[in-house]
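Quantities reported herein were computed from a predicted structural model and do not represent experimental measurements. Proteins get letters first, then strands, A, B, ... in listed order; numbering begins at 1 in each.
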2 protein chains.
Amino acid sequence: MTDFKAYGYSCSVAATLDIIGGKWKGVILFYLLDGKKRFNELKRLNGEITQRMLTLQLRELERDGIVHREIYKEIPPKVEYSLTEFGQSLKPLILMMREWGEHHVEYVMEKRKNEA
Amino acid sequence: MTDFKAYGYSCSVAATLDIIGGKWKGVILFYLLDGKKRFNELKRLNGEITQRMLTLQLRELERDGIVHREIYKEIPPKVEYSLTEFGQSLKPLILMMREWGEHHVEYVMEKRKNEA
DNA sequence: CAGGATCCCGTTGGATACTG
DNA sequence: CAGTATCCAACGGGATCCTG
């Protein structure tokens with residue numbers, strides 16, 4: 001089994017969260033689950049994300065081998081993002097996050113509100 | 001189904017990651033899966049975490065109803081942290097994160113290294 | 001033992017303007 | 001359309017010292 005300490009993580013959960021955590025990556029991956037998406041398409045879906053952040057996050061996902069970037073040499077430019085085969089391995093995890101969120105997030109949010 | 005936009009999230013995955021994401025929460029939850037733990041016990045297990053961060057993260061988990069804080073009125077002080085019943089709902093998710101990490105993190109880390 | 005209080009810094013991330 | 005380039009504010013998070 002992998003020695004996570006060697007990579008600076010205290011356990012595999014920490015490593016996983018380092019890879020798909022953060023404010024945007026989970027959402028980006030979620031939208032890529034049902035197929036390739038263009039840059040502006042992802043931007044619209046994410047709503048509040050800025051161009052800068054979308055680019056940065058996509059670059060990291062690409063570096064980590066999770067997302068593939070396909071550039072079409074056209075004018076106007078066209079770039080499509082899709083999950084790599086390796087990225088597909090995240091599918092059950094993303095779906096479970098969505099599932100948990102749908103069933104439990106409201107409880108947490110109401111709790112937070114009642115204490116503010 | 002919950003309206004995540006109303007809470008400022010673009011989808012349920014984003015909300016879930018906001019609750020259990022970050023550098024430490026996943027690990028803390030992971031260690032709490034197999035029963036209650038004392039403060040210093042969690043600190044040792046997490047290795048690199050500072051007292052300050054451990055306290056902050058535990059407070060947030062407590063606020064969100066995920067972790068229960070039991071204070072024993074003794075000297076020296078004794079505090080035990082455990083998952084609430086609500087917190088138990090995260091168990092499959094945490095376990096899946098661990099699972100994914102164990103099988104795939106090494107690939108990502110080697111890839112990062114070869115490009116640095 | 002389990003923290004609280006301060007200080008401080010690096011990174012994250014937002015706003016805006018510009019470009020092939 | 002799909003980015004880059006800057007600038008800047010906010011926050012996460014570390015180090016250190018103190019305490020009931």
Side-chain angles (χ1 to χ4, degrees), chain A residues 8-11 13-15 17-29 31-32 35-64 67-82 112 116, chain B residues 8-11 13-15 17-29 31-32 35-64 67-82 112 116:
Chain A
Y9 299 109
S10 33
C11 78
V13 178
L17 278 173
D18 181 52
I19 295 172
I20 63 162
K23 193 171 176 182
W24 302 109
K25 285 183 187 170
V27 202
I28 293 172
L29 293 174
Y31 287 124
L32 286 179
K36 54 180 74 163
K37 297 273 181 297
R38 297 183 59 171
F39 186 83
N40 271 359
E41 203 171 350
L42 283 172
K43 188 156 156 23
R44 274 194 306 277
L45 289 170
N46 276 280
E48 297 303 303
I49 196 171
T50 59
Q51 287 195 335
R52 175 183 137 85
M53 285 316 297
L54 182 54
T55 303
L56 285 175
Q57 301 296 304
L58 283 170
R59 291 293 178 281
E60 288 190 17
L61 290 171
E62 193 187 356
R63 175 201 61 185
D64 291 347
V67 157
H68 172 67
R69 182 161 173 250
E70 184 78 30
I71 308 171
Y72 297 83
K73 297 196 178 308
E74 306 173 357
I75 292 181
K78 173 177 171 183
V79 178
E80 278 179 349
Y81 292 92
S82 56
R112 285 187 186 178
Chain B
Y9 299 108
S10 33
C11 77
V13 179
L17 278 173
D18 181 52
I19 296 172
I20 63 162
K23 194 171 174 181
W24 302 110
K25 284 182 187 172
V27 201
I28 292 173
L29 292 175
Y31 286 124
L32 287 180
K36 55 180 76 163
K37 297 273 181 297
R38 297 183 60 171
F39 185 82
N40 272 357
E41 203 170 351
L42 282 173
K43 188 154 154 29
R44 273 194 307 277
L45 289 170
N46 276 282
E48 298 303 303
I49 195 171
T50 59
Q51 288 196 337
R52 176 183 137 84
M53 285 317 296
L54 182 54
T55 302
L56 285 176
Q57 301 297 304
L58 283 170
R59 290 293 179 281
E60 288 189 19
L61 290 171
E62 193 188 355
R63 175 202 58 184
D64 291 346
V67 157
H68 172 67
R69 181 162 173 251
E70 183 77 29
I71 307 170
Y72 297 82
K73 297 197 178 310
E74 305 174 359
I75 293 181
K78 173 177 171 181
V79 178
E80 278 180 347
Y81 293 92
S82 57
R112 285 186 186 178

**Q** Quick one: B:K37 NZ to C:dA2 P, roughly how many Å, whole number?
**A** 13 Å

**Q** In this structure, are over 12 heavy atoms from other groups packed under 6.0 Å from A:I75 atom CD1?
**A** no

**Q** At a cut-off of 3.5 Å, list every protein nitrogen or oxygen paired with a nitrogen or oxygen from nucleotides 9-11 of chain D, distance to 0.1 Å.
**A**
none

**Q** Taking only side-chain N and O atoms of B:R59, does any of them lie within less than 4.0 angstrom of OP1 or OP2 on C:dG4?
**A** yes

**Q** Does CD in A:E48 sit with more than 12 non-hydrogen atoms of other residues, nucleotides or ligands closer than 6.0 Å?
**A** no

**Q** Taking protein heavy atoms under 4.0 Å as touching, what does nucleotides 13-20 of chain D look like 5' to 3' if B marks base contact, S marks sugar-phosphate-only contact and - marks none?
**A** BBB----B

**Q** Would you say C:dC1 has OP1 or OP2 under 4.0 Å from some side-chain N or O of B:Y81?
**A** no

**Q** Is any side-chain heavy atom of B:C11 less than 4.5 Å from a side-chain heavy atom of A:Y31?
**A** yes

**Q** Could you check if a side-chain atom of B:K23 sits within less than 4.5 angstrom of a side-chain atom of A:L17, using non-hydrogen atoms only?
**A** no

**Q** For A:D18 and D:dG12, give me the distance from atom CG to atom C1', rounded to whole Å.
**A** 14 Å

**Q** Are more than 12 heavy atoms from other residues, nucleotides or ligands located less than 6.0 Å from atom NZ of A:K78?
**A** yes

**Q** Would you please name every residue forming a salt bridge (Lys or Arg N to Asp or Glu O under 4.0 Å) with A:K37, sequence neighbours left out?
**A** A:D34

**Q** Check every atom of C:dG3, D:dG3, D:dC1 against the side chain of A:N40 and return the nucleotide holding the closest atom.
**A** D:dC1

**Q** In whole angstrom, what separates A:K43's NZ from D:dA2's P?
**A** 11 Å

**Q** Select one nucleotide: of D:dC1, C:dC1, C:dG3, the one nearest the side-chain heavy atoms of A:R38.
**A** D:dC1

**Q** Starting from P on D:dG12, measure out to CG on B:L54 and report it in whole angstrom.
**A** 16 Å

**Q** Using atom CG of B:N46 as one end and atom P of C:dA2 as the other, report the distance to the nearest whole Å.
**A** 14 Å

**Q** Does any part of the side chain of A:R69, heavy atoms only, come nearer than 4.5 Å to the side chain of A:L58, both counted from C-beta?
**A** no

**Q** Strictly below 4.0 Å, N to O, side chains only: are A:K25 and A:E60 in salt-bridge contact?
**A** yes

**Q** In whole angstrom, give the distance that lies between atom CD1 of B:I75 and atom C1' of C:dA2.
**A** 13 Å

**Q** Remember a base hit wins even if backbone is also touched, and classify A:Y72 as base, sugar-phosphate or nothing at under 4.0 Å, heavy atoms.
**A** nothing

**Q** Check whether any side-chain heavy atom of A:T55 lies under 4.5 Å from a side-chain heavy atom of A:F39, and answer yes or no.
**A** yes

**Q** Using atom CD of B:E74 as one end and atom P of C:dC1 as the other, report the distance to the nearest whole Å.
**A** 13 Å

**Q** Between P on C:dG3 and CD on B:E41, what's the gap in Å once rounded to a whole number?
**A** 13 Å

